[in-house]
Participant: 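I am attaching a structure below and will ask some questions about it afterwards.
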2 protein chains.
Amino acid sequence: MNLKTLSEHLGLSPTTVSRALNGYSDVARETRERVERAASELGYRPNANAKRLATGRSSIIGVSFPTGRNMLVDPHFIDFLAGLSEEAAALDHDILISAIKDDVGEAYKRMAAKGTVDALVLLGLHLNNDVLELMQGLKLPFIVHGRIPSDFAYAYLDIDNHGALVQATRLMLQLGHTRIANLDGPVNQSFSKARAEGWREALQGAGITPEPAYLRHGQMTEENGYIFARELMALPTPPTALICSSVIMASGVYRACRELGLSIGSDVSVMAHDDDLPLFYPERMDPPLTVTRSPIRAAGCEMARMVINLINGASIQDCQQVWPVDLIFRASTAPPISKPGSAVGGAEKNS
Amino acid sequence: MNLKTLSEHLGLSPTTVSRALNGYSDVARETRERVERAASELGYRPNANAKRLATGRSSIIGVSFPTGRNMLVDPHFIDFLAGLSEEAAALDHDILISAIKDDVGEAYKRMAAKGTVDALVLLGLHLNNDVLELMQGLKLPFIVHGRIPSDFAYAYLDIDNHGALVQATRLMLQLGHTRIANLDGPVNQSFSKARAEGWREALQGAGITPEPAYLRHGQMTEENGYIFARELMALPTPPTALICSSVIMASGVYRACRELGLSIGSDVSVMAHDDDLPLFYPERMDPPLTVTRSPIRAAGCEMARMVINLINGASIQDCQQVWPVDLIFRASTAPPISKPGSAVGGAEKNS
DNA sequence: TTGTCAATCCAAAGCGCTTTGGTAATCTGG
DNA sequence: CCAGATTACCAAAGCGCTTTGGATTGACAA
């Protein structure tokens with residue numbers, strides 16, 4: 001059942017049927033209704049590829065992620081993808097995921113030239129990445145999750161990672177901590193850098209020199225949380241507060257503390273950034289985990305809307321958002337205990 | 001840069017250029033090489049939509065999952081998707097994920113008629129689902145992850161869930177357990193049913209009547225593992241062996257046992273099915289978890305290959321696989337302790 | 001020399017849709 | 001009653017590719 005046979009069936013021209021189905025005003029209401037009825041009765045669906053060829057639009061938005069295998073097993077990415085695809089579906093768009101193996105630039109060029117997708121959602125961009133320059137040269141609209149420094153204006157959605165760490169660090173400071181560690185994400189990711197800077201600034205604002213050994217970078221896994229916590233607590237002067245980049249990491253920290261016999265919320269304070277991942281519930285942890293919070297799934301939803309706006313001609317300036325994060329206080333953070341014998345720093349302040 | 005301008009540039013007809021690029025034999029080797037060189041130098045990429053319209057093939061395989069939100073947050077699904085997309089990319093196919101909201105049948109019909117995808121990969125099918133009958137009516141090739149009873153032959157890949165539970169139950173029996181619980185998946189899923197039947201048969205084979213209270217169905221979450229374990233252990237005659245449908249569930253069981261002061265591997269034996277999920281490592285659990293094992297990611301890879309074969313005309317009979325599972329014995333399973341005072345059943349047999 | 005055949009190449013007809021640039025009929029107001 | 005608007009429809013020209021069904025050439029055997 002294609003347009004031609006449907007139009008013959010109706011005794012109309014393909015033009016009129018097409019225009020009726022696409023909501024043009026130059027077709028009589030009565031005719032439109034007749035066409036719509038026939039189309040649904042006969043189960044007519046316009047051939048997507050013909051439509052795409054004729055219009056030059058595919059209603060498919062591509063999601064690309066550079067690192068191949070690693071990305072798809074990261075719950076952060078997945079939850080983001082869930083939000084994106086859900087909202088895209090609601091707006092009649094499909095999501096095409098393409099696992100890029102090696103040459104990212106080449107893959108983007110290919111996608112742009114092939115015309116399979118109307119726009120690209122870029123994820124997990126590294127710092128000092130030339131991908132933005134490359135995309136600028138292509139005609140394909142794109143939006144980035146996160147921000148990286150660039151001479152160009154581009155569409156993005158990011159959360160306020162810098163502000164999150166400022167808030168988190170200040171909270172620890174207000175509780176009286178001075179030895180505050182930052183268990184950060186991978187060193188080459190922009191969000192990690194923003195977090196590190198927020199941490200540094202908040203400390204310096206309180207007159208404390210950031211201790212380099214208290215800043216650790218790595219993939220946000222349970223494993224790394226565990227390793228970092230063990231290493232930090234083995235320092236001659238261990239931190240009393242640990243700020244983690246993810247709840248997953250924090251769960252590794254909890255495990256390390258349990259092994260070391262450290263009581264979280266008294267011996268050591270722990271907090272993390274909570275992306276609201278489906279399998280990790282900070283409020284159910286023992287003790288409940290203090291977090292800065294911003295659901296990554298919601299970011300996916302919003303980015304679907306934004307990228308579709310972009311396709312429809314919205315200006316780049318209208319497609320730039322930075323989301324603030326909430327600070328949710330729970331039992332994993334408390335004033336430090338001044339242990340006799342290891343009294344370094346102290347709790348001069350009270351919150 | 002399209003075919004026409006490229007062919008003008010070369011002083012050849014579009015026909016010849018097209019045929020050269022697509023490897024037809026009726027073009028001189030020298031010409032072909034000249035065309036290929038020019039194409040890569042000028043960065044020519046055939047327009048995907050024009051190609052699709054002309055050939056009727058899209059090289060896109062659709063993945064559909066009925067349950068909307070729940071699915072994308074399930075690590076099992078994600079890891080499967082990772083394998084699928086990786087292998088599909090290697091075979092020059094893209095993956096299109098469409099989150100279906102409400103009417104599944106309608107959505108499939110739409111996909112089939114639109115021609116966006118060459119085939120569909122069906123996941124998470126419920127028992128007594130009419131989706132197979134529906135797909136049979138469509139011309140779109142499809143393959144199912146799992147098996148559900150049907151009058152038709154259809155392509156599928158499944159693991160031997162029945163055999164897995166037979167193996168697991170027999171292991172527990174050989175260790176001397178007689179009160180063996182099955183913490184199964186959702187009741188309306190075919191794999192859960194197969195597992196329940198395997199459990200039942202293995203017990204009956206040993207002359208033991210399956211105790212209905214020992215069979216629990218539910219989503220394979222940590223939460224449910226915890227709840228089921230608490231409930232089972234609160235029975236007047238609690239089981240001494242727990243077989244879980246997933247490592248995730250088992251981690252909930254571990255938590256429950258810790259709380260109850262039960263020592264896993266002596267007070268109670270625990271095992272699970274291991275899909276080889278990236279964030280759940282049974283060998284690192286404490287104690288290491290005995291499992292039946294079959295990487296779900298590998299299933300995704302293989303299904304990509306199978307569905308592409310199917311598109312290329314392979315017979316349905318050649319696209320049916322059932323994978324055996326490995327049994328990996330670790331410290332979480334051991335002979336039961338005959339507690340004085342609650343001696344019900346016993347360890348008559350030795351392995 | 002002539003017919004045959006393989007080797008190369010190409011014109012033109014789609015694939016199924018949208019969109020441009022109309023035409024014909026009907027409706028206005030003067 | 002007529003010029004100009006308005007309304008409702010449609011023919012035909014693409015979109016950029018593949019594929020069918022030749023056409024052309026030169027080699028080779030008869």
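Letters go in sequence order (proteins before strands), and every chain restarts at 1. Computed from heavy atoms alone, side chains included, the values below leave out hydrogens, waters and symmetry copies.
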Participant: Check for a donor-acceptor pair, side chain of B:Arg305 on one end and backbone N or O of B:Leu91 on the other, with a separation under 3.5 Å.
Facilitator: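 Not a single qualifying donor-acceptor pair exists.
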Participant: Side chains of A:Thr116 and B:Arg52: do they bring a donor and an acceptor to under 3.5 Å?
Facilitator: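 Short answer, yes.
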Participant: Should the pair B:Arg297-B:Asp276 be classified as a salt bridge under the 4.0 Å nitrogen-to-oxygen rule?
Facilitator: no
Participant: Nearest to the side chain of B:Tyr44, heavy atoms from C-beta on, is which of D:dA8, D:dG16, D:dC17?
Facilitator: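 My answer, after comparing the listed nucleotides, is D:dC17.
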Participant: Looking at B:Ile143, B:Leu96, B:Ile311, which hits side chain to side chain contact (heavy atoms under 4.5 Å, CB included) with B:Ile61?
Facilitator: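 Single pass found, and it is B:Ile311.
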Participant: Could you check how far CG of B:Leu10 sits from C1' of C:dC10, rounded to whole Å?
Facilitator: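 Atom-to-atom, B:Leu10 to C:dC10, this comes out as 15 Å.
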Participant: Do side-chain atoms of A:Arg32 reach the backbone of A:Ala20 as a donor and acceptor pair under 3.5 angstrom?
Facilitator: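 It does hold such a pair.
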Participant: Can you find a side-chain donor-acceptor pair between A:Arg57 and A:Asn312 that sits under 3.5 Å?
Facilitator: yes
Participant: Quick one: are the ring centres of A:Phe80 and A:His145 less than 6.0 Å apart?
Facilitator: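 That pair passes the under 6.0 Å test.
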Participant: What is the distance, to the nearest angstrom, from the CD atom on B:Glu8 to the P atom on C:dC9?
Facilitator: 18 Å
Participant: Rounded to the nearest angstrom, tell me the gap between atom CZ in B:Arg32 and atom P in C:dA7.
Facilitator: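 In whole Å, C:dA7 P and B:Arg32 CZ are 13 Å from each other.
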Participant: If only atom types and distance count, is the side chain of A:Ser190 paired as donor or acceptor with the main-chain N or O of A:Leu127 below 3.5 Å?
Facilitator: no
Participant: For B:Val27 and B:Thr55, find the nucleotide of DNA chain C closest to each by heavy atoms; which residue's nucleotide sits nearer the 5' end?
Facilitator: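 Nearest nucleotide further toward 5': that of B:Val27.
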Participant: Touch check for B:Asn22, heavy atoms < 4.0 angstrom, all strands: base, sugar-phosphate only, or nothing?
Facilitator: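 It contacts sugar-phosphate atoms only.
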Participant: Run B:Tyr156 and B:Gln321 through side chain to side chain contact (heavy atoms under 4.5 Å, CB included) and show every step you take.
Facilitator: CA-CA 6 Å; B:Tyr156 60 80; B:Gln321 292 189 30; 5.9 Å; no
Participant: Write down the protein N/O and nucleotide N/O pairs, taken from nucleotides 10-14 of chain D, whose separation is under 3.5 Å; answer none if there are no such pairs.
Facilitator:
from   : atom 1 : to      : atom 2 : distance (Å)
D:dC10 : OP2    : A:Ser13 : N      : 3.0
D:dC10 : OP2    : A:Ser13 : OG     : 3.4
D:dC10 : OP2    : A:Thr16 : OG1    : 2.8
D:dA11 : N7     : A:Thr15 : OG1    : 3.2
D:dA11 : N6     : A:Thr15 : OG1    : 2.8
D:dA12 : N6     : A:Thr15 : OG1    : 3.2

Participant: To the side chain of A:Asn2, which of C:dG16, C:dT18, C:dC9 is closest?
Facilitator: C:dG16
Participant: For A:Lys51 and C:dT19, give me the distance from atom NZ to atom C1', rounded to whole Å.
Facilitator: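 Going from A:Lys51 (NZ) to C:dT19 (C1'), I get 13 Å.
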Participant: Determine, step by step, whether B:Arg37 and B:Glu30 satisfy the salt bridge (charged side-chain N to carboxylate O under 4.0 Å, His left out) criterion, reporting the C-alpha distance in whole Å, the side-chain angles of both residues, the deciding distance to 0.1 Å, and the verdict.
Facilitator: CA-CA 11 Å; B:Arg37 206 167 334 113; B:Glu30 187 190 4; over 6 Å; no
Participant: D:dC17 C1' sits how many Å from B:Asn47 CG, rounded?
Facilitator: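 So the two atoms are 8 Å apart, to the nearest Å.
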Participant: Tell me what B:Ser25 touches on the nucleic acid: a base, only sugar-phosphate, or nothing, going by heavy atoms under 4.0 Å.
Facilitator: nothing
Participant: Give, ordered by number, those residues of residues 34-43 of chain A having at least one heavy-atom distance below 4.0 Å to an atom of DNA chain D; if nothing qualifies, reply none.
Facilitator: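 Under 4.0 Å from DNA chain D: no residue of residues 34-43 of chain A.
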Participant: What is the distance, to the nearest angstrom, from the CG atom on A:Leu3 to the P atom on C:dC17?
Facilitator: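 Checked: the CG to P distance equals 5 Å.
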Participant: Mind running salt bridge (charged side-chain N to carboxylate O under 4.0 Å, His left out) on B:Arg29 and B:Glu36 for me, showing each step along the way?
Facilitator: CA-CA 11 Å; B:Arg29 219 227 335 230; B:Glu36 279 166 354; over 6 Å; no
Participant: Could you give the NZ-to-P distance, from B:Lys4 to D:dT18, as a whole number of Å?
Facilitator: 16 Å
Participant: Tell me which residues in residues 109-118 of chain B put a heavy atom below 4.0 Å from DNA chain C, sorted by number, or none.
Facilitator: none
Participant: To the nearest Å, how far apart are B:Tyr24 OH and C:dA7 P?
Facilitator: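 In whole Å, C:dA7 P and B:Tyr24 OH are 18 Å from each other.
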Participant: When you compare the side chains of A:Thr16 and A:Ser13, does any donor N or O come within less than 3.5 Å of an acceptor on the partner?
Facilitator: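 There is such a pair between these side chains.
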